[in-house]
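Written below as structure tokens is the structure these notes are about.
Treat the numbers as computed from the prediction; the structure is a model and nothing was measured. Ligands are counted one by one from 1 in listed order, and the atoms in each one are counted from 1 as well.
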Amino acid sequence: MLGAMQDWDLRVTRIIDHAAREHPNREIVSRWADGSETRTNWAEVRHDALKMTQALRKLGVQPGDRIATLAMNHSRHLVSWYGAVGVGGVLHTINPRLFDDQLEYIANHAEDQVLLYDAAFQPIIDRMKPRWTTIRHYICFDNGQFEDWIAPEDGNAEWVTGDERDPCMLCYTSGTTGNPKGVLYEHRSTMLHAMTSIQPALFDFDARSVMLPVVPMFHAASWGLPWGGAAAGIKFVFSAVNDPAVLCELMNREKVTHSAGVPTVWLATFQHMDATGVTLPHLRQAIIGGSAAPRFMLERLMKAGVNVAHAWGMTETSPIGTTGARTWDWDDLSFEQQVDIKVMQGRTPFGVEIRCVSLDDPTQELPRDGQSSGALQVRGPWVIKRYFKAESDATDAEQWFDTGDVAIIHPDGNLQLTDRTKDVIKSGGEWISSVELENAAMSHPAVAEAAAIGIYHPRWDERPILIVVKKAGAEVSGEEIKAHLTKTVAKWWLPDAVEFVAEIPHGGTGKVSKKDLREQFRDYKLAE
Ligand code: AMP
């Protein structure tokens, strides 16, 4: 027997239908790379997306075809998300910061048919065109080209319908080894993720919310914001450049209440705020993810009255896995206790399950005791099952996906990331967290950036060394840094050496590239 409720497929085009019907005039503001600004709204975004489906059909695009974008955040990019999925296609957001070999690999592997791009990335197009073998049509978002392309259409069209398990979006993870891997989201998973993302414990949206997503649309589906934001009918303020002066000016003029971005964006914003005295009086919610936010950053935002929260997730988890929502006893906690909670990665929303297993024996599940650290696994309806075109599943028989993160789960469900499985350092059979060493080092006032890696040691197997970039004009010795570390880490964790460098290598998504660092220090010899 089946239940007796209506058929209402969980297809993401329903989200834009809802936004256009219920929140038609809610604005979408775009600040373009040339400094100009435009305003549109949810009704117009839907209309333009429908026009785009007509234009795509004229190009011969079929359901299931991949439609790629190489673009920063702006309203035309938003239109293209709904236009691509509306024609039954699969939206593939390409990260322009990837290296040429990766760009070549992912567009060819995805078999992209159409590429929509920002004029700012024309040099990438010119370079890559001979290497991209499947792209038939290139359409620039700027210089009137996108508008001219959809102008002949009237928008009198229907979204392509189909199964809610049809794919709608493809994102590649840059990965630390091997080729990037594609994560193929489906309409249903994206819709469930969007419905979850707008809860108070996550983005906390209502119709008054004004969000400036600093997280780019090409990074982990922009944390699902173009879908969730439409579902809640919020106002979006997009900036095609991430200059802190521009962001602060926009946030104040457009009364931005919500923001989402990686920690480095806040570092630059704080510097700008300190230099100019500018404040952000309208901001009340800041979600920080992608990598761990340092304690001082969370403290500063909390003191400014912002409900700041970590969000942990991965491209493979759509990406929301946990968020640092306030706990039931929040109001009874001291400020320090509140910060202690916020430095952790938070708890899962309904729909995500997490567990940690032993690093030495993956069949052994670890207790949620706030002490046992192990390999973090995750499962749920918006978590990957299999990489795009892979022959076998990326999960075990019970659908647990290995995140590659090392974590501790606390009795209240709080997740505390301690490392990546590839970065954790094994010394004499015991694990040393490279992340904790780095955090401790970065709390020294003379340290701009620090990274810890394991170096082969004949007796201990591996020992940590710390690679440090000093702040401009600052002076500090390796011994002083070690003395500083003893305040927070165990003695046997102290790095065997501290090396100073001008720069630490970063990968395409702005994270420290431990792979490159290990390569750089491959022949490094430690004293026995
Ligand atoms: P990506 O798929 O590029 O978004 O990278 C996902 C990885 O980023 C995760 O597996 C974590 O290692 C790291 N990450 C994401 N969010 C956080 C966070 N809030 N704190 C610490 N690390 C994070």
Side-chain angles (χ1 to χ4, degrees), residues 93-95 97-98 102 106 169-178 180-185 193 197 202-203 213-225 260-266 286-295 297-298 301 308-325 341-349 352 354 356 373-378 382-384 387-388 394 401-409 414-424 433-436 438-439 442 451 506-515:
T93 46
I94 303 181
N95 180 351
R97 296 178 193 146
L98 295 179
Q102 296 172 320
I106 64 170
M169 189 167 185
L170 180 60
C171 284
Y172 281 76
T173 62
S174 46
T176 43
T177 48
K181 289 190 254 172
V183 183
L184 190 62
Y185 306 126
H193 182 270
S197 73
L202 288 119
F203 289 114
V214 187
V215 53
M217 287 187 182
F218 53 76
H219 183 205
S222 201
W223 305 352
L225 287 165
V262 293
T264 41
V265 168
W266 278 110
I287 301 289
I288 307 186
S291 47
R295 190 178 181 96
M297 185 176 285
L298 300 165
L301 287 163
V308 60
H310 257 139
W312 167 83
M314 321 173 64
T315 307
E316 287 90 335
T317 63
S318 292
I320 290 171
T322 60
T323 50
I341 291 181
K342 290 285 183 182
V343 290
M344 293 192 272
Q345 275 65 24
R347 294 177 297 163
T348 57
V352 180
I354 52 171
C356 285
S373 135
L376 175 66
Q377 301 187 329
V378 60
W382 55 85
V383 175
I384 190 166
Y387 287 103
F388 182 49
F401 172 72
D402 234 311
T403 63
D405 285 321
V406 183
I408 294 170
I409 304 178
N414 252 305
L415 175 72
Q416 183 189 349
L417 284 206
T418 55
D419 219 329
R420 300 277 307 156
T421 39
K422 291 193 188 75
D423 298 339
V424 70
S433 158
S434 66
V435 172
E436 280 183 45
E438 289 156 10
N439 284 345
M442 279 194 275
H506 290 252
T509 48
K511 300 180 196 188
V512 169
S513 171
K514 293 268 174 96
K515 188 178 102 189

Derivation and outcome, side-chain contact (heavy atoms from CB on, under 4.5 Å), residues Leu415 and Arg347: CA-CA 6 Å; Leu415 175 72; Arg347 294 177 297 163; over 6 Å; no

Check against side-chain contact (heavy atoms from CB on, under 4.5 Å), Leu301 and Ile288: CA-CA 11 Å; Leu301 287 163; Ile288 307 186; 4.0 Å; yes

So, do [X] and [Y] sit near enough that their side-chain heavy atoms are less than 4.5 Å apart?
| X | Y | result |
| --- | --- | --- |
| Leu98 | Phe218 | no |
| Thr315 | Tyr185 | yes |
| Thr93 | Cys171 | yes |
| Pro294 | Met442 | no |

Sub-4.0 Å heavy-atom environment of ligand 1, residues by chain: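 Correct list: His219, Gly289, Gly290, Ser291, Ala292, His310, Ala311, Trp312, Gly313, Met314, Thr315, Gln345, Asp405, Leu417, Arg420, Lys511.
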
